[in-house]
Amino acid sequence: MDTMTVSQKMQQAQDFLPINGTDYIEMYVGNAKQSAHFYKTAFGFQSLAYAGPETGVRDRASYVLQQGKIRLVLTTPLNSENPITQHIAKHGDGVKILALWVDDAYKAYEETMKRGAKSYQEPITLKDEDGEVRMSGIYTYGETVHMFVERSNYKGTFMPGYKPWKSSYNPTDTGLLYVDHCVGNVGWNRMNPTIKWYEDVMGFVNILSFDDKQINTEYSALMSKVMSNGNGFVKFPINEPAEGKKKSQIEEYLDFYEGEGVQHIAVATNDIVATVKALMARGVEFLDAPPAAYYEELPTRVGKIDEDMAPLQELGILVDCDEEGYLLQLFTKPVEDRPTLFFEIIQRKGAKSFGAGNFKALFESIEKEQAKRGNL
Ligand code: FE2
């Protein structure tokens, strides 16, 4: 029987790849100018930096948005021959790069390549008058990439090639603080090779596992394993579909993304009620609230919590606990027309887990949406 806590398991990770956190998340999108407007207006991100024809970049435009420590880069290609155009034609809008902030981008590349990584970007040093950023990159699942970013000698806004983006339109933030975790969906029988890749190549450790007996509803099932680096600053849960009566939501994702990729980005807040209220007021769509019975059972399942139950129930916020505390969470609907990427809003009160106790309520809610799309 597995008796170690998540915190104890993290200490078993290897330290050849020290990571300080998520540096940025880059999405390839069909129209970055309009996407940037959406993430400012709906999510409260702030304009930070821009690269494009006006800064000497000829083949693409990239908008960098920030909220708390979260940096989102939205990139759109400017011609049909650009490989980014093919990426978007195949996958739709989605996450291309999960960039990790490291102390040494050259060593990160060397260590991971030595352990079997597939190269995306050989180490390069980008310079401008504000200093230098050193970067390298490797592929993970599907066409998704981990860039390693070293910026200790850089004083500029984002990185060389970008200029500060001053906008006269600056909606207030919604209390989003940092990236808590990013979840990947992989294909049939691809879970274990992916887990092994994170262990062997990245030195990560598997901190939690759920099989299809634990994550299922009447109709569909999935398996999930959570990979973490040693300090727990970077956590990547990985999902694989499982056989059920009907199509797994992971299979629906794989069909519409046309491959493996990032399923959701979880962003942390210190006040989930205020954050969710603000997001809803700005038009962000969330999954339907679970039935009233969910909230009646909460005190028994989770125990005492600091928050009032009424606003949680009103907003449909989910609660779960583990041996180290509890957490509150809520999931958006997909943020594009393909049923692929969505966001999770999470507030942790000690818990180090990911809401396994909510999986059933969550998935039944997702299935309702899936059925509306005719994909169940
Ligand atoms: Fe999550």
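Positions are given from 1 along the sequence.
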How long is the gap from [atom1] on [X] to [atom2] on [Y], to the nearest 0.5 Å?
{"X": "His37", "Y": "Gln34", "atom1": "NE2", "atom2": "CD", "value": "9.0 Å"}
{"X": "Thr340", "Y": "Asn185", "atom1": "OG1", "atom2": "CG", "value": "10.0 Å"}
{"X": "Asp322", "Y": "Ser7", "atom1": "CG", "atom2": "OG", "value": "8.5 Å"}
{"X": "Ile346", "Y": "His264", "atom1": "CD1", "atom2": "NE2", "value": "8.0 Å"}
{"X": "Leu298", "Y": "Met309", "atom1": "CG", "atom2": "CE", "value": "5.0 Å"}
{"X": "Thr140", "Y": "His146", "atom1": "OG1", "atom2": "NE2", "value": "4.0 Å"}

Donor-acceptor contact below 3.5 Å, side chain [X] vs main chain [Y]:
{"X": "Glu150", "Y": "Ala105", "answer": "yes"}
{"X": "Tyr253", "Y": "Val262", "answer": "yes"}
{"X": "Ser224", "Y": "Asn239", "answer": "no"}
{"X": "Asp93", "Y": "Gly30", "answer": "yes"}
{"X": "Glu240", "Y": "Met191", "answer": "yes"}
{"X": "Asp180", "Y": "Ala268", "answer": "no"}
{"X": "Thr85", "Y": "Glu81", "answer": "no"}
{"X": "Asp128", "Y": "Asp130", "answer": "yes"}
{"X": "Glu336", "Y": "Leu341", "answer": "yes"}
{"X": "Glu251", "Y": "Gly187", "answer": "no"}

Cluster link [X] to [Y], ILVMFWY, side chain under 4.5 Å:
{"X": "Ile70", "Y": "Phe331", "result": "yes"}
{"X": "Val145", "Y": "Ile84", "result": "yes"}
{"X": "Leu100", "Y": "Val73", "result": "no"}
{"X": "Ile25", "Y": "Met227", "result": "yes"}
{"X": "Leu65", "Y": "Val149", "result": "no"}

More than 12 heavy atoms of other groups within 6.0 Å of [X] [atom1]:
{"X": "Trp197", "atom1": "CH2", "result": "yes"}
{"X": "Lys69", "atom1": "NZ", "result": "no"}
{"X": "Lys114", "atom1": "NZ", "result": "yes"}
{"X": "Asp337", "atom1": "CG", "result": "no"}
{"X": "Glu323", "atom1": "CD", "result": "yes"}

Taking the six-membered ring for Trp, are Tyr24 and Phe158 ring centroids under 6.0 Å apart?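 Tyr24 vs Phe158: aromatic centres under 6.0 Å.
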Tell me if the aromatic rings of Phe43 and Phe343 count as close, with their centers under 6.0 Å from one another.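 Close enough - the centres of the two rings lie under 6.0 Å apart.
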Quick one: does NZ or CZ of Arg348 land under 6.0 Å from the six-membered ring centre of Phe354, within 45 degrees of the ring axis?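 Ring-cation test returns yes.
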Minimum side-chain heavy-atom gap Lys163-Thr55 below 4.5 Å: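 Sidechains of Thr55 and Lys163: in contact.
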What's the verdict on side-chain hydrogen bond (donor to acceptor under 3.5 Å, both in side chains) for Asp103 and Asn20, showing C-alpha distance, side-chain angles and the deciding distance? CA-CA 8 Å; Asp103 292 332; Asn20 305 317; 3.0 Å; yes
Apply the test side-chain contact (heavy atoms from CB on, under 4.5 Å) to residues Phe236 and Asn229: give CA-CA distance (whole Å), side-chain angles for both, the deciding distance (0.1 Å), then the verdict. CA-CA 9 Å; Phe236 298 135; Asn229 78 320; over 6 Å; no
Going through the checks in order, is the side-chain hydrogen bond (donor to acceptor under 3.5 Å, both in side chains) test met by Tyr169 and Thr41? CA-CA 9 Å; Tyr169 176 61; Thr41 304; 2.8 Å; yes
Looking at [X] and [Y], does any basic side-chain N land under 4.0 Å from a carboxylate oxygen?
{"X": "Glu110", "Y": "Lys107", "result": "no"}
{"X": "Glu252", "Y": "Arg373", "result": "yes"}
{"X": "Glu369", "Y": "Lys372", "result": "yes"}

Geometric class of the Tyr257/His91 ring pair [parallel <30°, tilted 30-60°, perpendicular >60°]: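 His91 and Tyr257: parallel rings.
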Name the orientation class of the two ring planes belonging to Tyr198 and Phe204 (parallel below 30°, tilted from 30 to 60°, perpendicular beyond 60°).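 Tilted.
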side-chain contact (heavy atoms from CB on, under 4.5 Å), that's the test. Do Gln46 and Asp173 meet it? Break it down for me. CA-CA 7 Å; Gln46 311 294 309; Asp173 71 72; 3.9 Å; yes
I need the minimum non-hydrogen distance between [X] and [Y], along with the two atoms involved.
{"X": "Glu260", "Y": "Gly142", "result": "OE1-N, 3.3 Å"}
{"X": "Tyr109", "Y": "Ser136", "result": "CB-OG, 3.4 Å"}
{"X": "Gln347", "Y": "Asn270", "result": "NE2-O, 2.7 Å"}
{"X": "Thr172", "Y": "Arg282", "result": "O-NH2, 2.6 Å"}
{"X": "Gly261", "Y": "Thr144", "result": "CA-OG1, 3.8 Å"}
{"X": "Gln67", "Y": "Gly175", "result": "OE1-N, 3.3 Å"}

Passes side-chain hydrogen bond (donor to acceptor under 3.5 Å, both in side chains), Glu143 versus Tyr28? Steps please. CA-CA 12 Å; Glu143 292 197 84; Tyr28 284 173; over 6 Å; no
For Gln86, what residues pass the side-chain contact (heavy atoms from CB on, under 4.5 Å) criterion, not counting sequence neighbours?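 With neighbours one apart ignored, the set is empty.
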Begin with the C-alpha distance, continue with both residues' side-chain angles, and end with the deciding distance and a verdict on side-chain contact (heavy atoms from CB on, under 4.5 Å) for Asp23 and Met147. CA-CA 9 Å; Asp23 193 277; Met147 291 294 287; over 6 Å; no
Could you walk me through whether Tyr162 and Leu48 pass the side-chain contact (heavy atoms from CB on, under 4.5 Å) check? CA-CA 10 Å; Tyr162 287 79; Leu48 182 70; over 6 Å; no
After noting the C-alpha distance and the side-chain angles of Tyr154 and Arg134, does the key distance pass the side-chain hydrogen bond (donor to acceptor under 3.5 Å, both in side chains) rule? CA-CA 9 Å; Tyr154 194 65; Arg134 304 208 306 165; over 6 Å; no
Can you confirm whether the side chains of Lys96 and Thr75 place a donor and an acceptor under 3.5 Å from each other?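 No pair is found: no donor N or O on one side chain lies under 3.5 Å from an acceptor on the other.
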